Amino acid sequence: MPVTFTFGEMLSARSVIGTTLAELGDEYDNLWVITPDIGATLVEFRDKFPERFLDVGLAEQVSVGIAAGLAYDGNIPVVSGMLPFLSMRALEQVRTDVCYPNLPVKIIGTHGGLVGNGGSTHYAVEDLALMCALTNMTVTSIGDPLMVGEVIRQSMTMQGPIYIRLAVGKKDKVLYEPGQHDVQIGKGIVAREGTDVTIFTHGTTVAQAIDAADELAKDGRSVRVVDMFTLKPIDEEIIVRSAAETGGRFVVLEDHLAYGGLATRIADVVADRGIRLTSFERLGIPQVYAGFGDDEELRDKHGYGLAATVAALRHAIATQV
Amino acid sequence: MSTQTLDIGERHSVEELEELAYELRSKLLHLCGTYEGAVHIGGDLSCADILTALFEYGLRVDPTDLANPERDRFVLSKGHAAVCMYIAMAIRGFFSYEGIVDTYGQLDSAYGMHPCKVQLPGVECSTGSLGHGLPLAVGMALSARHRGDDHRVVTLLGDGETGEGSVWEAAMAARSNELGNLVAFIDRNRQLMTSFAEERVVFEPYPDKWRAFGWNVVEVDGHDMGQLVAAIDGLPATDSNLPTVVICDTVKGKGVDFMEHNLAWHAGSLGAADLERAMAALDASRAEASRPGAGTEKEND
């Protein structure tokens, strides 16, 4: 892992995917990479291991089916492409061919959330709800580009499937100094300590949550930011602890439908564990097909941009039982 | 079938295979007569000869060594014919027929409507949702190629399931990657669940579709054991570069006259009285098939 990148710099998560897979190809001679015509990220692996690289063209369903067939024969396949199509067009292959027999297939993709200005055909905004519903599937959403490499590396020894969601993956803000956090699949990361309120988030909006926390710090408010990069299995312990340590005040921010994603996962834990909260606010995509605009404009338009996040945190802090 | 490093023992004659196919059909009917739930008996009977030819002649497998890396892989893409596969495998020695018929469809049984590898390790993969098996087989064939293994990956599809687009994605992938170690048998019974195929979906010119996708196409009568054996014997070497499809012309419900070409027998249960009637019909069709000169004429439909 490169150590020259520090907080605030921009790095391409896609290049991290390519570099990491090319490295892992040496360590695992049964690692395959398959793509439905989104292979630009993967050229390092392709050039190094052409016999274990497969571009099937525009055919998401068979990309996942072939991956399952390879996994049945003892291989570790990675399918890499655009998530709106891998998560929905190939959903049944993911469920039936991969999750049902619990095969070690990794789905790594870009365009999670309202990113890329592609319009609603190209936004993966339901994907986390769909993937979290699948038995045996581990579900992650990653904002820090350097973490992408670490999560892929850790996933190599997992028995079952994993879904790794990125935003566009071309220009991502480095959130953590390498080695700053103990990254473990299934465990949340406390990106900022705080005592007044906890904001849970994942993926591309972690940076926004940190910015919002910084904004409130100017008023002397202490916001805990939890990067819940694993949505399934969910880190229950950090939810329980944060409820106790931040006055039962929760805000959940995500670049996904406000219902069905992380907020729903956390609400389930809150209900199941009988946690008493002071406030619970969801910031995410309402039930709309979002239209065009850049990421920031769309978040502002649909009520989960930086200003809305700051307002939600203030409102949560002001809430009394 | 290919270079033999895994001993498959003495191969059966065509006559012996025909006898085994009869045994498979009679066991299918017995299960259908004793199990109260639905059995996909029509599509089971249409592929009984194909599965007999594969498990008793074509496939290099060892029932006592399920994980032998040299084994041929078999993928039942038409997962609805699970019962026919279970019983064909039982006759081959993988499991006991009694274990199937005594527990089929019951709580905690390894045997149900569609095969599950987690519950029944003897099968290669979990299938049932149609259009999934050929992509799985492509992945397995790629893996074999990469390892330099010489086993085949064989899959059985129903013609109806080739209406699924994922089949043609896989057909392209197989050709693009020159998977001569991949063989698809098509149970071309020309019936869907609720209609006769060509009434609703134009499949023809069916062999030309596969040819257009670049496959080596073989056409046989799927109920003529001699033709099935010849097709297996004639498969190209596993290191060749074209995948092969063996299109087997079949009859849904084959061998039981009141089930043949009958939409009512896509799936069902017989019960004791109908079991007797079905067995009588099966025996009659067997006697007809063994009549001198039979097999030289076209199916009397």
Side-chain angles (χ1 to χ4, degrees), chain A residues 25 28-37 39 49-79 81 85-86 88-105 134-136 159-161, chain B residues 66-75 77 79 114-121 123-149 151 153-155 164-179 181-182 213:
Chain A
Y28 295 88
D29 63 7
N30 57 347
L31 173 65
W32 285 68
V33 175
I34 302 146
T35 182
D37 194 33
F49 308 104
E51 74 286 2
R52 286 188 272 141
F53 175 83
L54 186 67
D55 183 348
V56 296
L58 291 165
E60 285 79 13
Q61 296 176 75
V62 82
S63 74
V64 175
I66 289 174
L70 287 163
Y72 268 121
D73 209 35
N75 299 291
I76 304 176
V78 170
V79 182
F85 315 118
L86 287 176
M88 292 191 293
R89 189 188 292 257
L91 179 63
E92 204 213 336
Q93 280 76 16
V94 175
R95 181 268 219 172
T96 301
D97 299 341
V98 172
C99 291
Y100 179 32
N102 199 24
L103 297 171
V105 173
L134 301 179
T135 298
N136 291 328
Q159 294 299 305
Chain B
L66 300 181
N68 189 317
E70 296 174 0
R71 73 193 187 280
D72 288 333
R73 303 330 191 242
F74 176 71
V75 177
S77 194
H114 308 104
C116 175
K117 182 175 176 61
V118 177
Q119 292 156 11
L120 187 62
V123 302
E124 292 289 352
C125 54
S126 302
T127 53
S129 179
L130 297 173
H132 289 235
L134 190 58
L136 292 170
V138 169
M140 292 177 179
L142 271 171
S143 183
R145 266 287 163 86
H146 176 68
R147 292 178 205 275
D149 294 350
H151 62 261
V153 181
V154 178
T155 181
E164 298 283 359
S166 52
V167 170
W168 302 101
E169 290 184 15
M172 277 197 281
R175 171 64 187 85
S176 301
N177 290 281
E178 302 184 339
L179 297 177
N181 56 347
L182 176 68
F213 276 74

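Keep in mind that this is a model prediction, so the values were computed, not measured. Just so it is clear: chains get the letters A, B, ... in the order the sequence lines come, proteins before strands, and each one is counted from 1.
- Interface remark: of the candidates Ala67(A), Gly74(A), Gly65(A), Ala68(A), Gly65(A) forms the most heavy-atom pairs closer than 4.5 Å to chain B.
- At least one donor-acceptor pair closer than 3.5 Å links the side chain of Arg52(A) to the backbone N or O of Leu31(A).
- Among the candidates Cys116(B), Ala141(B), Cys125(B), the residue making the largest number of heavy-atom pairs closer than 4.5 Å to chain A is Cys125(B).
- Ranked by non-hydrogen atom pairs under 4.5 Å with chain A, the options Gly165(B), Ser166(B), Ala144(B) are led by Ser166(B).
- For a residue to count as touching a neighbouring chain, one of its non-hydrogen atoms must lie under 4.5 Å from one of that chain's; by this rule Ser126(B) touches chain A with backbone and side chain alike.
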Run Val94(A) and Cys99(A) through side chain to side chain contact (heavy atoms under 4.5 Å, CB included) and show every step you take. CA-CA 6 Å; Val94(A) 175; Cys99(A) 291; 4.3 Å; yes
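- Interface remark: Glu92(A) contributes backbone and side-chain atoms alike to the contact with chain B (heavy atom separation under 4.5 Å).
- Looking at Asp29(A), the atoms closer than 4.5 Å to chain B (heavy atoms on both sides) all sit in the backbone: N, CA, C or O.
- Note on Val138(B), Leu142(B), Val118(B): by heavy-atom pairs under 4.5 Å with chain A, the leading option is Leu142(B).
- Put simply, of Ser129(B), Ala173(B), Ala170(B), the one with the most heavy-atom pairs under 4.5 Å next to chain A is Ser129(B).
- In this structure, no portion of Arg145(B) lies under 4.5 Å from any heavy atom of chain A.
- Side-chain contact annotation: His132(B) with Asp97(A), donor-acceptor N/O pair under 3.5 Å present.
- Judged by distance alone, with hydrogens and angles left aside, the side-chain atoms of Arg175(B) form no donor-acceptor pair with the main-chain N or O of Met172(B) at under 3.5 Å.
- Taking NZ from Lys117(B) and OH from Tyr100(A), the interatomic distance works out to 12.0 Å, rounded to the nearest 0.5 Å.
- For Leu54(A), the part lying near chain B is the side chain, with the backbone staying farther off; criterion is any non-hydrogen pair under 4.5 Å.
- Side-chain N or O atoms of Glu169(B) include one that pairs as donor or acceptor with a backbone N or O of Val62(A) at under 3.5 Å.
- For the set Asn102(A), Val56(A), Asn75(A), Leu103(A), the entry with the most heavy-atom pairs within less than 4.5 Å of chain B is Asn75(A).
- Checked against a 6.0 Å centroid threshold, the rings of Trp32(A) and Phe53(A) do not count as neighbours.
- Counted by atom type alone, Asp55(A) and Thr35(A) present zero donor-acceptor pairs between their side chains at under 3.5 Å.
- Among Asp73(A), Thr96(A), Leu70(A), the residue making the largest number of heavy-atom pairs under 4.5 Å with chain B is Asp73(A).
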